[in-house]
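Take a look at the structure below.
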Amino acid sequence: MRFDEFAKRAARVESLSGDHEKTEEVAGLLREADATPVVARFVQGRVFPAWDDTKLDVGPSLVYDAVALAGGTDADEVERRVAERGDVGEVAAEVGTGGQQTFGSTEQTVEGVQEALRGIAEGSGEGSEEKKKRELANLFMDASSASAKYLARLVLGEMRLGVGEGTVRDAVAEAFGVDVTLVERGIMVTNDTGEVAEVARDGGDEALADLEMRLGRPVKPMLAQSSTTENLFADLGADEAVVGWKYDGARLQIHVGDETRLFSRSLEDLTDSLPDVVEKVEEDTEEDVILDAEVVAVGDDGPLPFQDVLRRIRRKYRVEEMRDEVGLEVHVFDVLYDDGAVIDEPLSERRDRLSRLVDGIRGRSAVVSDIDGVLEERRAALDAGHEGVMVKNPGSAYTPGSRGGDWLKLKPEPETLDLAVTGGEWGEGRRASFVGSYLLSARTDDGYATVGKVATGITDERLESLTSRFKELIIAEDGKEIEFAPEVVFEVGYEEIQRSPVYSSGYALRFPRFVGVRDDKAPEDSDSVEKIERLYAQDEGDGR
DNA sequence: GTTCCCCGATATC
DNA sequence: ATCTGACACATTCGG
DNA sequence: CCGAATGTGTCAGATGATATCGGGGAAC
């Protein structure tokens, strides 16, 4: 299939609004394309399957350069236009064709594009960035304007077609007349919609059924939903619950076979950066199992901030030194494979199984039958400096990648601060015509110091009214960045205060969200850096 | 010619 | 991570 | 009893802080 044809079809998918229509359109595309696996990935904005460690290493900046090179402008001009239009794709489409004519006429195929991108991904070493730019620019020059649009989006991983894994799953089933459940299982096990589409096309239901969970091949971890103490048992739909401590670390899927492999939440192989974890696991476990766990950083006085975990995972250099500086603890809380997949067993059985398989590195959990039991565990977890608890349905299976009501997380109510808005940034995509995020500052003795930004928690309607209000307060603009006169105060919710190497106050909010405008407050009445300092110190004292 | 720093990309939450 | 919004589908409400 | 209103689940998209790695280029 020519990439140009793919681009036209993609445009059609994008224009549809109903899920069913989209699914049908994607199904048609999969059926007609000879390069089924490639198309199945491209349609989701993926070039490589999730398990593939190949990275394009191409981001917005490099794309602007390449588009500029192809279109004979400069990167600043491209960036300016992207800020205006809110979409790289559209700018690429315009620039590459001078607004009118198709530049090249090379019949680039979908597979050809994939090959070219693989080539780009593989480049490294001196001069490689320049080479990437040139190769990308060549792709743009060979592309029609429709192609350029989707090519730009593809390399950035944002197709914006409204198509995700669920749509592709249904489309594969429809396109090749196979069972959706088998497709879903296949995707779960392979983590590659491309491969599953091909298997479905060539071998039907039978071939799909042969795909199985295997040691060394990671599976997406099961996810949780947020809940509240009031709704907990109703959300769970059970009268008993398995309550486990929730640790502030990184998710780890541990495969113990001939060798031990560690995978992250997004299926990245983390083994080489965590030799101490491998040792601990091998001391405590038997072979041929897959475990689900969380790693946390620990010091002499209990758990360390999440930032310390980040200093360990994915590290390539000075791994041995760091292992002494930032200690790690593993807390295993589930088992997915024990000489064969056990994900369909109910949690209560897997929990028993787990207690037979591991001992020292098992995370703490208890079975309770009322909210008081849950709160008791949460108190204990918080006192020990951890994040809260996970509450799980004892009868539930392990459903990889899904965020159903079987696992619930219970975090403390978010704290709130009143902060002055001193800046902002123009948005992208559907926020293109709005200020998409706001810079927050806390009071100091002689002015304001920044503590982070907020962007989430704002309704579309509010986004619009805020934008017109803040337009009046613009002092300066630089690219997409805006400076505002400090007049408006936002109430902002957050999870935690952390030390910041970036913001001038020296602190930043973790998971900030917009709660409301404090029209009753002037910026001089906003919260101070001193208060933030105090809150930070207090958190530290609270057993962490 | 080396070393150091900046910044973009990619990952964690 | 967080949040909003769009849609599909199931359940309840109101006449 | 039927159509409208309401609730629930799933998905997509737009955005937060932060750490490391790698390439490029300035400083030495």
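The sequence lines fix the lettering, A, B, ..., with proteins before strands; numbering per chain opens at 1.
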Item to check | Sequence-distant partners of Trp245(A), side chain to side chain contact (heavy atoms under 4.5 Å, CB included), two or more places apart | outcome: Tyr247(A), Arg364(A), Glu377(A), Ala380(A), Ala381(A), Ala384(A), His386(A), Val389(A)
Checklist outcome for this item: note: Arg46(A), atom CZ; dG13(D), atom C1'; distance rounded to Å ~ 16 Å
Checklist entry - dA14(D) C1' sits how many Å from Leu466(A) CG, rounded? => result 16 Å
Checklist entry - Does Ser500(A) put a side-chain nitrogen or oxygen below 4.0 Å from OP1 or OP2 of dT18(D)? => result yes
Checklist entry - Which letters describe nucleotides 2-8 of chain C, given B = protein heavy atom under 4.0 Å from base, S = only from sugar-phosphate, - = neither? => result BBBS-SS
Next on the checklist: Going by side chain to side chain contact (heavy atoms under 4.5 Å, CB included), name the residues that satisfy it together with Asp170(A), two or more places apart in sequence or in a different chain.
Outcome noted: Thr23(A), Val180(A)
Item to check | Whole-Å gap separating C1' (dC11(D)) and CD (Glu165(A)) | outcome: 11 Å
Checklist entry - Salt bridge between Lys480(A) and Glu428(A), side-chain N to carboxylate O under 4.0 Å? => result yes
Next on the checklist: I need the CD1-P distance between Ile497(A) and dT18(D), as an integer number of Å.
Outcome noted: 12 Å
Checklist outcome for this item: B/S/- along nucleotides 19-28 of chain D (protein heavy atoms under 4.0 Å) is SSSSSS----
Item to check | Pairing residues for Asp74(A) by the salt bridge (charged side-chain N to carboxylate O under 4.0 Å, His left out) criterion, not counting sequence neighbours | outcome: none
Checklist entry - With Pro275(A), which residues qualify under side chain to side chain contact (heavy atoms under 4.5 Å, CB included), at least two apart? => result Arg312(A), Val319(A), Glu320(A), Arg323(A)
Checklist entry - side chain to side chain contact (heavy atoms under 4.5 Å, CB included) with Glu25(A): which residues, sequence neighbours excluded? => result Arg9(A), Arg12(A), Val13(A), Leu16(A)
Next on the checklist: Under 4.0 Å, heavy atoms only, any strand: does Ser402(A) hit a base, just the sugar-phosphate, or nothing?
Outcome noted: nothing
Checklist entry - Which part of the nucleic acid does Val309(A) contact within heavy-atom distance under 4.0 Å: base, sugar-phosphate only, or nothing? => result nothing
Next on the checklist: Counting the atoms with a prime plus P, OP1 and OP2 as sugar-phosphate, which does Glu158(A) contact under 4.0 Å by heavy atoms, base, sugar-phosphate, or nothing?
Outcome noted: nothing
Checklist entry - Which pairs, with at least one residue in residues 448-465 of chain A and sequence neighbours excluded, count as a salt bridge (charged side-chain N to carboxylate O under 4.0 Å, His left out)? => result Glu425(A)-Lys453(A)
Item to check | Residues forming a salt bridge (charged side-chain N to carboxylate O under 4.0 Å, His left out) with Glu24(A), sequence neighbours excluded | outcome: none
Checklist entry - Under 4.0 Å between a Lys/Arg side-chain N and an Asp/Glu carboxylate O for Arg318(A) and Glu325(A)? => result no
Next on the checklist: I need the full list of side chain to side chain donor-acceptor pair (under 3.5 Å) pairs touching residues 119-137 of chain A, with sequence neighbours left out, sorted by first then second residue.
Outcome noted: Asp65(A)-Lys133(A)
List the atom pairs, donor and acceptor, that lie under 3.5 Å between side-chain atoms in residues 396-403 of chain A and the rest of the protein, sequence neighbours left out.
| from | atom 1 | to | atom 2 | distance (Å) |
| --- | --- | --- | --- | --- |
| Ser396(A) | OG | Asn393(A) | O | 2.7 |
| Tyr398(A) | OH | Met222(A) | N | 3.0 |
| Tyr398(A) | OH | Asp292(A) | OD2 | 2.6 |
| Thr399(A) | OG1 | Ser402(A) | OG | 2.8 |
| Ser402(A) | OG | Thr399(A) | O | 3.4 |
| Arg403(A) | NH1 | Ala224(A) | O | 3.0 |

Next on the checklist: Reading DNA chain B from 5' to 3', where do the contacts with chain A start and stop? Cut-off is 4.0 Å to heavy atoms.
Outcome noted: dG8(B) to dC13(B)
Checklist entry - With a non-hydrogen cut-off below 4.0 angstrom, is Leu161(A) in contact with a base, only sugar-phosphate, or nothing? => result sugar-phosphate
